[in-house]
There are 2 protein chains.
Amino acid sequence: MTAQPQDVRQQILHEATRLFVDRGYHGLSMREIAEAVGVSKAGLYYHFKDKEDLFLAILTNNLERLEQTIQQARQAAAVRGQVELFVTEIFQWAPEQRAIIRLASQEMDHLSQHSVTEFTRLYHAKFISQIQAMLAAGIEHGELRAMDPVVATWLLLGMMYPYLYSSHAGEMNTSTEAVQLMLSIFFDGAAT
Amino acid sequence: MTAQPQDVRQQILHEATRLFVDRGYHGLSMREIAEAVGVSKAGLYYHFKDKEDLFLAILTNNLERLEQTIQQARQAAAVRGQVELFVTEIFQWAPEQRAIIRLASQEMDHLSQHSVTEFTRLYHAKFISQIQAMLAAGIEHGELRAMDPVVATWLLLGMMYPYLYSSHAGEMNTSTEAVQLMLSIFFDGAAT
DNA sequence: CCTACCGATCGGTAGG
DNA sequence: CCTACCGATCGGTAGG
């Protein structure tokens with residue numbers, strides 16, 4: 001049985017995701033990706049124009065999954081239910097999938113000017129502005145206090161950040177308790 | 001007037017800090033640091049054993065400043081005042097100084113096993129466990145609800161994370177309003 | 001601290 | 001002409 005082209009491309013994306021998450025953009029060579037997949041380095045360049053193209057394909061794949069997750073979450077009635085659905089779903093992703101969310105913002109500066117501009121635009125349209133809209137609607141409906149939805153979005157996403165390191169996956173629990181504490185602090189606060 | 005050795009070492013630390021923050025550990029070469037400082041590449045190796053030694057010197061410098069900031073903040077009476085002092089002070093640091101806090105956790109995996117173990121130990125002793133103790137005391141005194149202080153610490157630090165990117169410094173305000181919203185969400189919640 | 005280099009490895013590409 | 005690669009090597013640069 002011969003391996004089909006799509007299998008190889010998917011296999012490259014799968015292995016490279018894991019490796020980029022662990023080592024960062026510049027910490028990983030095309031050579032190492034090729035060895036991990038079991039193809040030649042030239043084989044990678046058949047499927048992807050260059051290293052940046054491969055990296056962006058990983059980010060874009062993740063961004064589309066992220067968008068779908070937000071769309072599903074927004075079907076909940078109240079904003080608290082929407083955020084809870086969103087966070088719960090993200091925390092159920094495999095650690096290396098979750099970590100791509102961090103990787104995107106973390107390694108953005110290491111790409112070419114054009115890629116940064118283009119991806120940042122997509123990233124805001126499909127992800128950041130969706131969260132902002134969720135929170136803004138909550139403010140408008142009186143479910144949340146009057147506040148800057150842009151700042152509130154960064155604070156909410158920031159709370160998820162420590163859980164977006166796959167190397168921390170062992171020492172931190174992303175169990176229901178951690179998610180619930182995050183939600184109860186964001187909505188109700190830590191004070192008595 | 002000849003440049004003194006200590007000036008050069010300080011100049012290297014200053015320039016390298018800015019460059020590491022912008023480009024990450026593997027995104028920056030010793031050659032580039034040397035050019036930015038105006039010394040030869042070999043000159044860097046006079047002051048620092050290797051690239052990792054230079055990088056760790058930057059992190060360690062920052063860690064000591066961070067410890068002092070926490071010590072000062074803990075002089076406030078209530079835990080809310082302590083956290084407010086701490087966050088306010090950090091947000092007054094120069095963007096590239098603030099960003100080292102992120103750099104430490106972000107690039108930790110790219111160092112040698114021994115360095116990671118040693119620095120992680122220091123990082124927890126001087127920083128993470130201090131914040132944990134602050135929050136644990138707040139829980140014990142009834143100022144904060146009963147909760148896991150370890151998770152609470154990561155959530156608090158996470159809220160600061162989006163403001164630890166020096167490249168975001170332009171698009172985000174670290175003004176009093178942002179700090180106040182962060183504190184009011186952490187202590188009182190975003191809900192009405 | 002410099003000039004002059006090294007073994008190896010980098011991202012990327014040639015012809016077949 | 002196509003696809004899915006390979007072995008070998010390019011010009012430059014990495015840390016030391």
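First the proteins, then the strands, lettered A, B, ... as listed; each starts at 1. These values consider heavy atoms only, across backbone and side chains, with no hydrogens, waters or symmetry-generated copies.
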Quickly work out the [X] [atom1] to [N] [atom2] distance and round it to whole Å.
X	N	atom1	atom2	value
A/R9	D/dA4	CZ	C1'	14 Å
B/F48	C/dC1	CZ	C1'	14 Å
B/L111	D/dG15	CG	P	14 Å
A/Y45	D/dA8	OH	P	19 Å
B/L44	C/dC2	CG	P	8 Å
B/I12	C/dC2	CD1	P	9 Å
B/D50	D/dG15	CG	C1'	9 Å
B/L54	D/dG16	CG	C1'	14 Å

Would [X] and [Y] count as having a side-chain donor-acceptor pair, cut-off 3.5 Å?
X	Y	value
B/Q106	A/R102	no
A/E143	B/T192	no
A/E52	A/S115	yes
B/S29	B/E32	yes
B/E84	B/Q180	yes

Which residues, if any, of residues 26-39 of chain A bring a heavy atom under 4.0 Å of DNA chain C?
-> A/L28, A/S29, A/M30, A/R31
Using 30° and 60° as the class limits, which term best fits the ring planes of [X] and [Y]: parallel, tilted or perpendicular?
X	Y	value
A/Y165	B/Y161	perpendicular
A/Y25	A/F20	parallel
A/H124	A/W154	perpendicular

Given C/dC1, is OP1 or OP2 found less than 4.0 Å from the side-chain N or O atoms of B/H47?
-> yes
Side-chain N or O of A/Y46 less than 4.0 angstrom from OP1 or OP2 on D/dC5?
-> no
Charged N to carboxylate O under 4.0 angstrom, B/E35 versus B/K41?
-> no
Secondary-structure stems for DNA chain C, with pairs counted as Watson-Crick or G-U when both distances are under 3.5 Å and runs at least 3 long | none
Side-chain atoms of A/A42 come closest, of C/dC1, D/dC6, C/dG11, to D/dC6
Could you measure between the two P atoms, the one in C/dG16 and the one in D/dA4, and give it in whole Å?
-> 22 Å
